[in-house]
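The sequence lines fix the lettering, A, B, ..., with proteins before strands; numbering per chain opens at 1. Just so it is clear, the structure is predicted and the values come from calculations on it, not from any experiment.
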Protein chains: 2
Amino acid sequence: MNMRRTTIKDVAEAAGVGVATVSRVLSGGSASPETRERVLTVAAQLDYRPSALGRNLRQRRSGGIGLLVPDITDSFYGRLADGVLACARSAGEPVILGTTGDDAEREAEEIAVLLEQGVDRVVAVPAGNGEIWEPTLRSGLTTVFAHRLAAGRQDVPAVLADDRAGVRTAVDYLTGLGHRRIAYLGGPGQDSRVSVFRQTLGALVDEELIVFARGSRDSAYAAAAGLFQHRPDLTAVLAGGNQLGEAAVLAARELDLRVPKDLSLIMFDDVPWAELCSPPLTVIAEPAQDIGYRAAELVLRAGGRRPRGALLPTELIVRGSCGPRRTQ
Amino acid sequence: MNMRRTTIKDVAEAAGVGVATVSRVLSGGSASPETRERVLTVAAQLDYRPSALGRNLRQRRSGGIGLLVPDITDSFYGRLADGVLACARSAGEPVILGTTGDDAEREAEEIAVLLEQGVDRVVAVPAGNGEIWEPTLRSGLTTVFAHRLAAGRQDVPAVLADDRAGVRTAVDYLTGLGHRRIAYLGGPGQDSRVSVFRQTLGALVDEELIVFARGSRDSAYAAAAGLFQHRPDLTAVLAGGNQLGEAAVLAARELDLRVPKDLSLIMFDDVPWAELCSPPLTVIAEPAQDIGYRAAELVLRAGGRRPRGALLPTELIVRGSCGPRRTQ
DNA sequence: CATGTTCATGGAAACGATTCCATCATGGTT
DNA sequence: AACCATGATGGAATCGTTTCCATGAACATG
């Protein structure tokens, strides 16, 4: 029952060589062909698997890569995580997952846990502002941001969707349909989008129509319902994420606003149910999984270097949730 | 730039005590009050954080808990993972996430990675049959299954939703509405449900109406479409998960089957979009997050003991996707 | 007073890998 | 033949903890 794991020492003894040699053979160092083969054979026979524990301690870093997302329940982050996992798996690296709830304090805690674990590579959707990351980055942790930047941290490589272009396309599409009073229903960390929203809308911008929800579903619903009740004159909404879109649909239904007759709706993030909705939702698709994969790739390939980030394309997928401005 | 982490040795020196004492103080061992306070003060001053690396090696186990789910993209497993994370966070434990794609081989690989990392506690939605877990369990890894059992492994504690009761309720509901040809659209690992399905349906059971998809969305769609085309006489479907439900709605729409007029649909797992669908979907809600939380709790509390599992209630939520049998 | 018991304490030995460094054999060059 | 370069090899140090054990002080009990 209580059999010890086989260690490198066992292999060394069984193969009649020193532990140093075994280590070298197994990690690709130099060794004579016959020694190499003998060691490999013995290792296979004993079903030897090097313990990450010993290695990590010696190398003062745990191999794994940390992943911090706001909410693993959100389809977008689920897909993003899936991309990270796919890349990590192909590299044989474990992934330590933490959720921040878009809360700076929780983010800091999760970072602390990761550091304690000796994780030295992190993919994160940053929640707090850049300062939180200061000591972390200084301590030599390779970080890649995904999906969004931390305020005031242009020095960290990031893999982003080109949502600025997405916003432009969406706004142009809506104004093209005749809409003038267009709302933006945003979530945490979408300042950059909103600035483009303002820019593109130009003279049409109406600050009252720009509202923000915190991360939760409840908050999203409250924001949407509040917006619709307070400003029944709006005719189109751009929802900044799938949970916000969901809230918008729900709130609209609750208030008997018909989509797209009374209200045109565009949602960021193409989720499977967007097609099942009635009407099917027009969306700006973001390559969530690619974002995750690329970010993981960057963080793995980074050999101490600071890699450049990436900007992935978004796509407006027109379905049935937008129509011409209602004439009332 | 290249400053070393502060170690326990630094703290010991600064406090004028031995490292053993520091370790004891920090991990709740016995020490004189004044020593304790001095050590704690110094540790706080130096911002000392014990390295998990050293501890893990010495204790021959990594603190973290492993989590294995088929697909983190699936809302159900997302919520399950969220539950595990919530529990782990309250215990300050990191979570290593792996996905199996419901594939036995991938599951084995992920287990190997976890073992290599020294993980000794795992929450898993088992994909393969029980044998895969044999060497793992034998090697002393505390395992708790979540959401389903591995075939032929009654010796592993499991946290399950009472989906057998769910199936019974759903079938009774459908037969009560007059349906006679009821299909089950299943996914991997749902044998137990199907056996209850057969049982409850009794003489009405029709083996051709029981079809299985593999884990992917494509496979689910193919199964649903195939079922509907091949047996246009069926009047009700029980979909074994949200992806299967999604596929059913999509396939029905494609084939111009109106829900619930031509086809009644009940889906396992209450996802947010079930309400947005038109008609809103009648579902059997499963407490995914609770399952994850409870499973993590079990795996954490288990002090070598083998805890008993849990069976969590399901609930039929009637919305609009079921109607009386069509009279053709 | 002698002896035993209970503490707090620190030195040192693990844990299992990697890696520095010294050693030794080999083979080629002068 | 003497010498050096090269490459394979194993011993030992190292990473940062925890934990075993010996020591010594303090105190109670005979």
(message) Just N and O in the side chain of A:Ser32: are any of them under 4.0 Å from OP1 or OP2 of D:dG7?
(response)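 False: A:Ser32 side-chain N/O out of range (4.0 Å or more) of D:dG7 OP1/OP2.
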(request) Have a look at A:Gly118 and say if it touches a base, only the backbone sugar-phosphate, or nothing, with a 4.0 Å heavy-atom cut-off. (result)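 Touches nothing.
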(request) Apply the test side chain to side chain donor-acceptor pair (under 3.5 Å) to residues B:Arg55 and B:Ser27: give CA-CA distance (whole Å), side-chain angles for both, the deciding distance (0.1 Å), then the verdict. (result) CA-CA 11 Å; B:Arg55 175 183 5 202; B:Ser27 48; over 6 Å; no
Rounded to the Å, how far apart are [X] [atom1] and [N] [atom2]?
X        : N      : atom1 : atom2 : value
A:Asp120 : D:dC15 : CG    : P     : 18 Å
B:Glu34  : C:dT9  : CD    : P     : 7 Å
A:Glu13  : D:dG11 : CD    : C1'   : 14 Å
B:Asp10  : D:dG16 : CG    : C1'   : 11 Å

(message) Under a 3.5 Å threshold, yes or no: a donor from one side chain and an acceptor from the other, between B:Ser75 and B:Arg79?
(response)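 Yes, a side-chain donor-acceptor pair sits under 3.5 Å.
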(message) Between A:Arg106 and A:Thr99, is the side chain to side chain donor-acceptor pair (under 3.5 Å) condition met? List the steps.
(response) CA-CA 8 Å; A:Arg106 249 176 79 183; A:Thr99 52; 3.1 Å; yes
(request) Take A:Ser32 and A:Thr35 through the test side chain to side chain donor-acceptor pair (under 3.5 Å) and record every step on the way to the result. (result) CA-CA 5 Å; A:Ser32 75; A:Thr35 314; 2.5 Å; yes
(message) Regarding B:Glu109 and A:Arg89, does a basic nitrogen lie under 4.0 Å from an acidic carboxylate oxygen?
(response)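 A:Arg89 and B:Glu109: not salt-bridged.
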(message) Would you call the rings of A:Phe76 and A:His147 parallel, tilted or perpendicular, taking 30° and 60° as the class edges?
(response)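 A:Phe76 and A:His147: tilted rings.
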Could you go over nucleotides 15-19 of chain C and give all protein N or O partners under 3.5 Å, atom names and distances?
| unit_1 | atom_1 | unit_2 | atom_2 | d |
| --- | --- | --- | --- | --- |
| C:dC15 | O2 | B:Arg58 | N | 3.2 |
| C:dG16 | OP1 | B:Arg60 | NE | 3.4 |
| C:dG16 | OP1 | B:Arg60 | NH2 | 3.3 |
| C:dG16 | N2 | A:Gly54 | O | 3.0 |
| C:dA17 | OP1 | A:Tyr48 | OH | 2.9 |
| C:dA17 | OP1 | A:Ser51 | N | 2.6 |
| C:dA17 | OP2 | A:Ile8 | N | 2.4 |
| C:dA17 | O5' | A:Tyr48 | OH | 3.3 |
| C:dT18 | OP2 | A:Ser23 | OG | 2.7 |
| C:dT18 | O2 | A:Arg58 | NH1 | 2.5 |

